Amino acid sequence: MNSMPSVARSQLLAIYERLHSFLGPSDWWPGETSLEVIVGAILTQNTSWRNVEQALARLKEEGALSVERLTRMGEEQLAEWIRPAGYYRIKARRLKNFFRFLQEDYHGQIGALGEQPLEKVRDQLLGIRGVGPETADSILLYALGKPTFVVDTYTHRIFSRHLLVPEESDYEGLRSFFMEALPGEVPLFNEFHALIVRTGKTYCKKKAPLCGDCPLRDLEPA
DNA sequence: CACCAGGCAAGTA
DNA sequence: TACTTGCATGGT
């Protein structure tokens, strides 16, 4: 079995509480449709959310933010409209891949997709070219309301720097670590990931070796 | 100017 | 299997 620091397991909820009290509630992806969350999840791959917002705004202006339109629209035109999000050609392809899957397996019904078991949908999403584990889990959690934990580069950076997980942990290892240590509640997974991203952006930048005024600074090794 | 952003897949050895 | 490279715009 995969061993992990026992300290970390017992302290995970405490870390969550700490981040939450420091940063306050995140209210992530709150008033949007599940469709917009799905499109945003693909567009934000290795890309700032600011850029994604421009692309989403363009799609809305064009009246193209519907399953029907996105399923039928030409890939070239889609690419042009999402251009501000970067990697626009490959992302247009990935979006079309998703909507082809949705049409063929669920008649274009996001609701029908959401009725299926978490692991089944996760496997199906991972089978789509251009949907990796983080995108799949983001769709599951934030669009479909399924209790899966979303891991990203910040998760690895923050928790490995604090020696709470091994540096060499991969995506599935990190996801298991959180899901086995925490109660499987959607609101908790939702808010915890949001807090991790916000902490990473503000206090745990790529090149910064120390935490500065990071809320977790006293977890630093001596 | 360099560097980074809520990844992923394809290519190489 | 384990690295490396391509994809691209926009903000700091």
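All figures in this text were calculated on a predicted structure; none of them were measured in a lab. Letters go in sequence order (proteins before strands), and every chain restarts at 1.
Every residue two or more places apart in sequence or in another chain that forms a salt bridge (charged side-chain N to carboxylate O under 4.0 Å, His left out) with A:R18 is listed here: A:D218. Taking the salt bridge (charged side-chain N to carboxylate O under 4.0 Å, His left out) definition, one finds that A:E62 meets it with A:R58, sequence neighbours left out. The salt bridge (charged side-chain N to carboxylate O under 4.0 Å, His left out) check on A:E75 picks up A:R93, with sequence neighbours excluded. In this structure A:R100 satisfies the salt bridge (charged side-chain N to carboxylate O under 4.0 Å, His left out) test with no other residue, sequence neighbours excluded.
Distance noted for atom C1' between B:dC8 and C:dG11: 23 Å (whole Å). Using atom P as the reference point in both C:dC3 and B:dA5, the two lie 22 Å apart (nearest Å).
Within a 6.0 Å radius of CZ in A:R69, other residues, nucleotides and ligands contribute more than 12 heavy atoms.
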Listing, residues 184-194 of chain A side-chain donor-acceptor contacts under 3.5 Å, not counting sequence neighbours, or none:
| residue | atom | partner | partner atom | Å |
| --- | --- | --- | --- | --- |
| A:E191 | OE1 | A:S26 | N | 3.3 |
| A:E191 | OE2 | A:H20 | ND1 | 3.4 |
| A:E191 | OE2 | A:S26 | N | 3.0 |
| A:E191 | OE2 | A:S26 | OG | 3.0 |
| A:H193 | ND1 | A:Y142 | OH | 3.3 |

Just distance, no hydrogens or angles: give the donor-acceptor pairs under 3.5 Å from side chains in residues 147-159 of chain A, sequence neighbours left out.
| residue | atom | partner | partner atom | Å |
| --- | --- | --- | --- | --- |
| A:T148 | OG1 | A:D137 | OD1 | 2.8 |
| A:T148 | OG1 | A:R175 | NE | 3.0 |
| A:T148 | OG1 | A:R175 | NH2 | 2.9 |
| A:D152 | OD1 | A:Y154 | N | 3.2 |
| A:D152 | OD1 | A:T155 | N | 2.9 |
| A:D152 | OD1 | A:T155 | OG1 | 2.7 |
| A:T155 | OG1 | A:D152 | N | 3.1 |
| A:H156 | NE2 | A:E167 | O | 2.6 |
| A:R157 | NH1 | A:C204 | O | 2.7 |

Review item, side-chain donor-acceptor pairs of residues 102-115 of chain A, under 3.5 Å, at least two apart:
| residue | atom | partner | partner atom | Å |
| --- | --- | --- | --- | --- |
| A:Y106 | OH | A:Q124 | OE1 | 2.6 |
| A:Q109 | NE2 | A:H107 | O | 3.4 |

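Straight-line distance from the CD1 atom of A:I42 to the C1' atom of B:dA9: 14 Å, rounded to whole Å. Following rounding to the nearest Å, A:D170 (CG) and B:dG7 (C1') show an atom-to-atom distance of 15 Å. Between the CG atom of A:L95 and the C1' atom of B:dC8 there is a distance of 13 Å, given to the nearest Å. Nucleotide B:dC8 holds its P atom 14 Å from the CZ atom of A:F98, rounded to whole Å.
For B:dC8, the OP1/OP2 oxygens have no side-chain nitrogen or oxygen of A:Y171 closer than 4.0 Å.
Counting non-hydrogen atoms under 4.0 angstrom, A:R198 reaches nothing in the nucleic acid. The residue A:I128 sits close only to the backbone: its heavy atoms come under 4.0 Å of sugar-phosphate atoms, none of a base. If you check every strand for non-hydrogen atoms under 4.0 Å, A:V131 touches sugar and phosphate atoms only.
Side-chain contact between A:F22 and A:L195 is absent, with no heavy-atom pair separated by less than 4.5 Å.
Taken residue by residue, residues 134-146 of chain A places no heavy atom nearer than 4.0 Å to DNA chain C.
Nearest-nucleotide positions on DNA chain B for A:K205 and A:P133 put A:K205 closer to the 5' end.
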5' to 3', nucleotides 7-12 of chain C under a 4.0 Å protein heavy-atom cut-off (B base, S sugar-phosphate only, - none) gives BBBSS-
